[in-house]
Structure formats: C-alpha cells, structure tokens
Amino acid sequence: SGLIVEDDFLLVTAVAYPMSAKFRTGLTLAMFALVIFTLIVISILNNAFSAAVADVDAVAGGWDIQGIVNFNTPIGDIRGAIDDHPDLFLEDFEAVGGYTTIPVEARQTGAESQRWRRYAVRAAGDDFLRATESRLKLIADGYGKTDREVWQALRDDPTLAVVDSLVVPTRSGFGDSGIPFQLEGVYYEDEEMSPIELEVREPRTGQVVRVKVIGVMDRLTDAFGNIGLGMFVSRRQLDETVPFPIPTTTYRFKVAEGVDMARTARSIEAAFRENGMETDVLAELVGDQAAANRAFNYLFTGYMGLGLMVG
C-alpha cells in the first residue's frame, strides 16, 4: 500500500507541475513539435532529391560521358581524332558533341534594370544540338511544342538561345540562385512564355550581340547547375562575333549499347592526355554529388535528432 500511495503522489506531482506552468509546458511541447516537423521535412526533401537525380538521362541530357580539355591544347576534330586513335572506335559512340563555356555580361532588353550582369554562354556545335536530350520547362510561343523542335531552331538560327533554369525566378522565391543575372517577366512556374530579347557583351572585346531566348531548361537538367551553367546558343554565333578562334573545351559522349562506359571514359582520357583531357561518367558524377548532399542532410538530421533526444 505504501508503494501505491507513493506512485499516486508521484503521478499527482507529475500532472500538477505542467498544469501549474502552462506557458512553459506549451513552449516545451511547441519546441519538440517544431524539431520533429523539421526532421520530417528534411527527410522528405532528401528522399525527393535523391529520387529526382536518380534519373540520370534527365540530368545529363541523354549523354553518358563528359570530357574537358585544356583551353590551350584543344582538339581540332574530335571525331577524326577518335577514328585515328588505335584504342578508340567511332562505332562505340552513338553521338559526340561539344560546347565552349564563355563568361559574359548580359542584360534584358526593356527590363527595369539595365545594368550588365555576369552570366555565361555555352556555345554548342551542331552535333551537340542535334543529339542532346536536355528537357525544357518553358518553350516560347511560336517555336514548337517539343524540346527537339527548340534545339533544332537553335541549329537553324544562331541568334536564338535557351537559358538554364537558375536565371528564372520562382514565384515562391524558394531555391533562387545567387547568379547575378535574372530574367524579368517570366517565372519558372509559368505554363507559357514569350520570346525574350537579351543583349550579351563579351567583357574583353566589348562586342555586343542580341539573342532571343526561346526556352528555359528544366531545373533538374545539369543537376541544378552542378555540371553546367549558362545559356545555350549555336556555336556559329560565337564564330561570327568573336574575332579570334575559341576552341571547344567540353565534350559529351553517348556510348553505344553494350559498351562499358567506365572503360571508355578511361580510354578517352588516356588517348587525349596531351590535350589535358579529364573525363567523368556522368551517372557517377551525379551520384557522387547527390551522395555529398545526402551526407550533409544526414549530418544535419542526426544533429537535430540528438538535440531532440537530449531535450
């Protein structure tokens, strides 16, 4: 009976304290609820991001291997160089394309702000534009209904451009990038858009050209900017504007069915070692970046969970 009385006393005391300090009790419960809610949201976002980047074809635009060469030791004809090398075979590749990334300054014609902002141009060759499967979120009125029609339009008209999603604001403001240049009058959530006129200036020469934006890339493409950044234009625009030759520095390869991507990537890197070639299997590159993001989220989640347990 003594134990029962003591248990009753403890129970009464345990109930009496939170009832006598209602504000403190409510604040404590709110704190625990907020931490648990945050943990759930982080877990959901982490799983959603992992599921999204698992679609490598969408992230890499259908390419399998990326190779970057030194600007000072370019490859004149990549397909010819592959055909001439004894350890590489053209039949192992379904497509080979390339582009050159150039830092530029840009401003939108008619926009409220007319300051030049830092941006980048990816001047792509016809082979790249013909074979890429990069997905578009928005297509300008009058330029077709499919992604393929837009990429074909860039091949036909060097004054057209497709921008990456990071320069297009969102209505919520969530996920906005730190890129200085931002488009006005269009949002990523929109269902349609009108063509947008841009002025692009090469900072070294001061040469200014006009381009018309007819598409916005899907935010997932290029792994949210981690494996590529800048607007796409036809390389002819670059060759006609810049008075000095600009070599191709980034190559993309689609390997034929049944070809070992890792082995082929190593063979490409070895074959063009003198050009400073560095290759990555895009599936592995995307997976490594996703793993790094997951590791950070797991660390943050574990830290909050430890705090919840201690509390």
Side-chain angles (χ1 to χ4, degrees), residues 46-101 122-135 147 151 164 217-230 232 247-298:
N46 194 28
N47 289 334
F49 176 78
S50 299
V53 297
D55 188 356
V56 178
D57 286 339
V59 174
W63 301 97
D64 298 312
I65 299 171
Q66 176 173 277
I68 300 176
V69 299
N70 193 298
F71 185 88
N72 298 314
T73 53
I75 302 171
D77 177 12
I78 184 66
R79 296 187 68 87
I82 291 174
D83 195 31
D84 292 339
H85 200 278
D87 295 330
L88 298 175
F89 307 95
L90 272 179
E91 57 267 24
D92 288 344
F93 303 95
E94 292 184 0
V96 180
Y99 60 84
T100 303
T101 303
R122 288 183 277 185
D126 282 354
D127 290 340
F128 181 92
L129 297 176
R130 184 187 300 111
T132 188
E133 299 173 15
S134 295
R135 300 176 186 176
D147 303 341
W151 295 117
D164 60 79
M217 298 177 72
D218 188 274
R219 201 172 283 274
L220 180 60
T221 301
D222 289 331
F224 302 91
N226 288 325
I227 60 174
L229 181 66
F232 275 108
T248 298
T249 55
T250 301
Y251 289 98
R252 294 278 178 91
F253 305 88
K254 284 184 185 180
V255 302
E257 186 176 355
V259 175
D260 189 313
M261 284 186 282
R263 180 187 61 79
T264 303
R266 291 193 297 269
S267 297
I268 295 171
E269 187 170 303
F272 301 111
R273 185 181 296 107
E274 294 182 357
N275 302 96
M277 175 74 80
E278 295 182 0
T279 60
D280 289 292
V281 177
L282 289 172
E284 296 178 358
L285 182 62
V286 172
D288 290 344
Q289 292 175 346
N293 287 329
R294 285 196 300 269
F296 175 79
N297 288 332
Y298 289 151

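Please read these numbers as outputs of a predicted model, since none were measured by experiment.
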Visitor: Would Arg79 and Leu90 count as a side-chain contact (heavy atoms from CB on, under 4.5 Å) here? Give the steps.
Guide: CA-CA 7 Å; Arg79 296 187 68 87; Leu90 272 179; 4.0 Å; yes
Visitor: To the nearest 0.5 Å, what is the distance between OG1 on Thr250 and CD1 on Ile68?
Guide: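 If we round to the nearest 0.5 Å, Thr250:OG1 and Ile68:CD1 are 4.5 Å apart.
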Visitor: What residues, two or more places apart in sequence or in another chain, satisfy salt bridge (Lys or Arg N to Asp or Glu O under 4.0 Å) together with Asp127?
Guide: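 Partners of Asp127 under the salt bridge (Lys or Arg N to Asp or Glu O under 4.0 Å) test: Arg130.
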Visitor: State, to 0.1 Å, how close Arg122 and Asp164 come at their nearest heavy-atom pair, and which atoms those are.
Guide: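 Nearest pair, atom of Arg122 first, then Asp164: NH2-CB, 4.3 Å.
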Visitor: Please find the pair of heavy atoms, one from Ala256 and one from Glu91, that lie closest to each other, and give the distance.
Guide: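 That would be CB-O, 3.7 Å.
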Visitor: Within a radius of less than 6.0 Å around CD of Glu278, do more than 12 heavy atoms belonging to other residues, nucleotides or ligands occur?
Guide: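 It does not: Glu278 CD has 12 such atoms or fewer within range.
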Visitor: Can you name the closest pair of heavy atoms from Arg252 and Ala60 and give their distance?
Guide: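 Shortest heavy-atom contact: NH1-O, 3.7 Å.
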Visitor: Look only at the side chain of Trp63 and the backbone of Gly97, and say whether a donor-acceptor pair between them is shorter than 3.5 Å.
Guide: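 No, Trp63 side chain to Gly97 backbone: no donor-acceptor pair under 3.5 Å.
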Visitor: Rounded to the nearest 0.5 Å, what separation is found between the CD1 atom of Ile65 and the CG atom of Leu282?
Guide: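 Ile65 atom CD1 to Leu282 atom CG measures 8.0 Å (nearest 0.5 Å).
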Visitor: Taking all non-hydrogen atoms of both residues, which atom of Val255 and which atom of Thr264 are closest, and how far apart?
Guide: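 Closest pair (atom of Val255, atom of Thr264, distance): CG1-CG2, 4.3 Å.
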Visitor: Is it the case that the side chain of Asn275 and the backbone of Pro74 share a donor-acceptor pair, with hydrogens and angles ignored and the cut-off at 3.5 Å?
Guide: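 The answer is yes, because a donor-acceptor pair under 3.5 Å joins these two groups.
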Visitor: Once you measure the plane-to-plane angle for Phe93 and Phe253, does it fall in the parallel (<30°), tilted (30-60°) or perpendicular (>60°) bin?
Guide: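 Tilted: the ring planes of Phe93 and Phe253 meet at 30° to 60°.
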Visitor: Can you list the residues that meet the side chain to side chain contact (heavy atoms under 4.5 Å, CB included) rule with Asp218, with sequence neighbours excluded?
Guide: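 For Asp218, the residues satisfying side chain to side chain contact (heavy atoms under 4.5 Å, CB included) (neighbours in sequence not counted) are Arg135, Tyr188, Leu220, Thr221.
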Visitor: Under 3.5 Å, sequence neighbours excluded: what are the donor-acceptor pairs made by side chains of residues 266-274?
Guide:
from: Ser267; atom 1: OG; to: Arg263; atom 2: O; distance (Å): 3.0
from: Glu269; atom 1: OE1; to: Thr279; atom 2: N; distance (Å): 3.0
from: Glu269; atom 1: OE1; to: Thr279; atom 2: OG1; distance (Å): 3.1

Visitor: Do you know the tightest heavy-atom contact between Ile75 and Ala81?
Guide: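 The answer is CG2-CB, 4.0 Å.
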Visitor: Is there a donor-acceptor pair under 3.5 Å between the side chain of Thr100 and the backbone N or O of Pro247?
Guide: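 Judged by distance alone, yes, a pair lies under 3.5 Å.
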Visitor: Which heavy atom in Thr101 sits nearest to a heavy atom in Thr249, and how many Å separate them?
Guide: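 Looking at all heavy atoms of both residues, the shortest contact is N-OG1, 4.2 Å.
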